[in-house]
Amino acid sequence: MVGASVLNQPQQFLIPHEKKSPDIDFNLKGKECISLLKTCKNMKEFKQVHCQILKMGFFWSSFCASNLVSTCALSEWGSMDYACSIFEQIDDPTSFEFNTMIRGYTKDFNSKEAIFTYIDMLEIGVEPDNFTYPALLKACALLSAVKEGKQIHGQIFKLGFVEDVFVQNSLINMYGKCGLLRHSCEVFEQMDFKTVASWSAIIGAHANLGMWADCIRLFSNMSQEGCWRAEESTLVSVLSACTHLGALDLGKCTHGYLLRNLSGFNVAVETCLMDMYIRCGSLDKGMSLFQEMVGKNHKSYSVIISGLATHGYGEKALTIFEQMLEEGLKPDDVIYVGVLSACRNGGLVEKGMKYFNRMRLEHRIEPTIQHYGCIVDLMGRVGMVYEAFELIKKMPMDPNDVIWRSLLSSCKVHQNVELGEIAAENLFKLNTQNGGDYIMLSNIYAQAQRWHDVSLTRVKMVNKGLGQVVGSSLVEVKRKVHKFVSNDKSHHEFHEIYEMLHQMEWQLKFEGYSPDTSQVLLDVDEEEKRERLSAHSQKLAIAFSLIHTCEGSPIRIVRNVRMCSDCHTYTKLISVIYQREIIVRDRNIFHHFRDGICSCKDYW
DNA sequence: GACCGCAAAT
């Protein structure tokens, strides 16, 4: 029989057991020990096997001890405390045991202890091997420990492990995670033989820093250099790059690649694909992926709900949310942000309030500042600016810049100078260095014809050394992403683009369009205002797409800042004249322009 | 006698 006290106290395992038990195999050999350990599915079973091995004499073979440590340290159900107590009983630990301990600590995100284990190893005089460094570098990557990482790189060099491809890949990753991309690239370029993991690591390093265009460039180099067998993880980085760049065609190719090379995806990849389609503007495709998905989890629901919300389908998002509840999944705070933003984007005030209360009372979720942000925005949107202000005052936390900016923007739409000034004052106190906030306030003054305040605000902005963020528009044509900024003349086809722009304007005039020059708050004459307005980046991107895409195909644009109301009106008319669906993603939502109407119902 | 590796997301 196995005693309970032994089960719970590993330190007793040196006490020999005298009583023989019929269910214990006393002829346990090394290989059998491994196969026995492999059958363990939890800590309880492991402890039983542990006892069984002890009874036949623990130090019969150090091999048994090694395997006990590695099973306990590396299994899903394992415990590092327990592994440690076994490890400490080993008289002459080898590099194998040390490596196992380092990996185990790293797996538990206890990178500090992993590094200490390595230091112990050196002090005891155990030589690290080529298995030691990948494990250790991973620990440094998790901690973003640049100093340690560099020191270890030096040791790797001295000990001659620098040619090991696993070590090289780990170095690329470590430097990437520490933000030292240049070092990652150096290691990568010096490699004689690159594996899929090397490419994955270097692409991942660029993805970590948001260098999306480089991710895609590297991905295409990868196949050119003969590395074809990309794996899920590589493609996830690529998909993520497509998502950020709004590169739908490339995302579709990646999807195809996944379909051709893998049999069945896991939920994470499916959700990632769904997110890519939705955030690249193809809501339909994302929706059908969602419906075909088996084993939907919180993340998948979260992606679809906030996706529907950003595309302006508030009601549909709420229906999916109800479905989720029916399936027995418990909502969390993230999903509720999606739900409340669905109400906000759809202008559903009553429903928004209802869900806000339900979140607190029924699902016992404490509202975070994001939830309050949604409600403030929701109230502001429908003109309840004073109510929104009251709510801000009652919030249990200090309002942040997002909250005040939201109120400020509502005050602009509903032309409320008094509250706008209060919102701006609070916003400026937070010192977020956002030039756009000053522009917003000066817009409010401009609408009220208070020109003196307009110029005062602008002077303040300049004195603070702030400027407006340069607005840009991305558009993908033939799997290549083109970027335009206002008045851009750097594109090699700029003559054709400006020619197209003139044609478009000429046709727009027939539809009764006249540029809304109030959007240009510069001290320049009317003619120059018109000039500046006519070459906003979004208009350039539309002109470029009209030249290069076939009739009737949709145009998808990704913007870095909110579009001005002139661009909004302009795009609505273009969608009628050229019979195109134009989908514009700005920082917050999607605008679907079709037949002269926008899905945002003219509120954004 | 032989046990361990790198890259990895929504």
Side-chain angles (χ1 to χ4, degrees), chain A residues 29-35 37-38 60-75 94-104 106-107 128-139 141-142 156 161 164-177 184 187-188 191 194-208 218 222 227 229-243 258 265-279 286 289-290 293 296-307 334-335 338:
Chain A
K29 295 271 179 8
K31 285 213 170 158
E32 289 164 53
C33 159
I34 297 185
S35 57
L37 282 165
K38 274 192 183 148
W60 176 80
S61 154
S62 63
F63 182 47
C64 280
S66 287
N67 279 287
L68 275 166
V69 174
S70 66
T71 306
C72 188
L74 302 177
S75 303
T94 62
S95 62
F96 174 81
E97 283 93 37
F98 275 106
N99 295 345
T100 305
M101 291 301 286
I102 293 173
R103 204 174 353 268
T106 311
K107 192 180 119 271
D129 59 20
N130 52 336
F131 283 90
T132 311
Y133 289 108
L136 193 60
L137 289 168
K138 194 172 183 175
L142 278 179
I156 289 171
F161 292 118
D164 186 305
V165 71
F166 283 95
V167 173
Q168 289 167 329
N169 293 345
S170 307
L171 279 168
I172 297 171
N173 178 48
M174 185 273 295
Y175 282 126
K177 290 275 155 63
S184 290
V187 178
F188 182 75
M191 285 175 82
K194 291 168 185 138
T195 64
V196 192
S198 323
W199 287 98
S200 275
I202 197 76
I203 291 173
H206 285 83
N208 274 338
L218 283 161
M222 178 173 162
C227 194
R229 205 181 44 84
E231 291 166 17
E232 275 186 15
S233 55
T234 330
L235 295 166
V236 166
S237 295
V238 176
L239 278 177
S240 185
C242 296
T243 306
L258 280 162
F265 316 143
N266 59 32
V267 186
V269 174
E270 280 186 318
T271 309
C272 196
L273 268 171
M274 201 171 90
D275 197 37
M276 184 277 293
Y277 278 110
I278 294 175
R279 284 169 53 192
L289 273 174
F290 175 76
M293 242 168 118
K296 302 176 180 100
N297 62 17
H298 270 94
K299 282 273 164 62
S300 11
Y301 273 105
S302 182
V303 167
I304 196 77
I305 289 172
S306 44
V334 181
I335 290 188

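Letters A, B, ... are given to chains in the order of the sequence lines, protein chains preceding strands, and every chain is numbered from 1.
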Integer-rounded Å distance: [N] [atom2] and [X] [atom1]:
X      : N     : atom1 : atom2 : result
A/D164 : B/dA7 : CG    : C1'   : 14 Å
A/F96  : B/dC4 : CZ    : P     : 6 Å
A/D129 : B/dC3 : CG    : C1'   : 12 Å
A/N266 : B/dA8 : CG    : C1'   : 10 Å
A/L142 : B/dA7 : CG    : C1'   : 13 Å
A/Q168 : B/dC6 : CD    : C1'   : 11 Å
A/E270 : B/dA9 : CD    : P     : 18 Å
A/R103 : B/dC3 : CZ    : P     : 14 Å

Could you work out which one of [options] sits closest to the side chain of [X]?
X      : options              : value
A/A268 : B/dA9, B/dA7, B/dG5  : B/dA9
A/N67  : B/dC3, B/dC6, B/dA9  : B/dC3
A/V236 : B/dA9, B/dC6, B/dT10 : B/dA9
A/K299 : B/dT10, B/dA9, B/dC4 : B/dT10
A/K177 : B/dT10, B/dC6, B/dA8 : B/dA8

Inset, instruction - Please check if any side-chain donor atom of A/N297 sits under 3.5 Å from a side-chain acceptor atom of A/S300, or the reverse. - result: yes
May I ask you to say what [X] touches in the nucleic acid, namely base, sugar-phosphate or nothing, with a heavy-atom cut-off under 4.0 Å?
X      : result
A/N99  : base
A/K194 : nothing
A/S240 : nothing
A/V196 : nothing

Legend entry - Any residue meeting side-chain hydrogen bond (donor to acceptor under 3.5 Å, both in side chains) with A/D275, in chain and number order, not counting sequence neighbours: A/R279
Legend entry - Contact under 4.0 Å: A/N173 side-chain N or O vs B/dA8 OP1/OP2: yes
Legend entry - Side-chain N,O (A/K138) to OP1/OP2 (B/dA7) below 4.0 Å: yes
Legend entry - A/F166 ring over B/dC6 six-membered base ring, under 5.5 Å and 30°: no
Legend entry - Gap separating the NZ atom of A/K177 from the CG atom of A/N208, nearest 0.5 angstrom: 5.5 Å
Legend entry - Pairwise distance OG1(A/T106) to CE(A/M101) - rounded to 0.5 angstrom: 11.0 Å
Legend entry - Contacts of A/F161 that satisfy ring pair (Phe, Tyr, Trp, His ring centres under 6.0 Å) - sequence neighbours left out: A/Y133
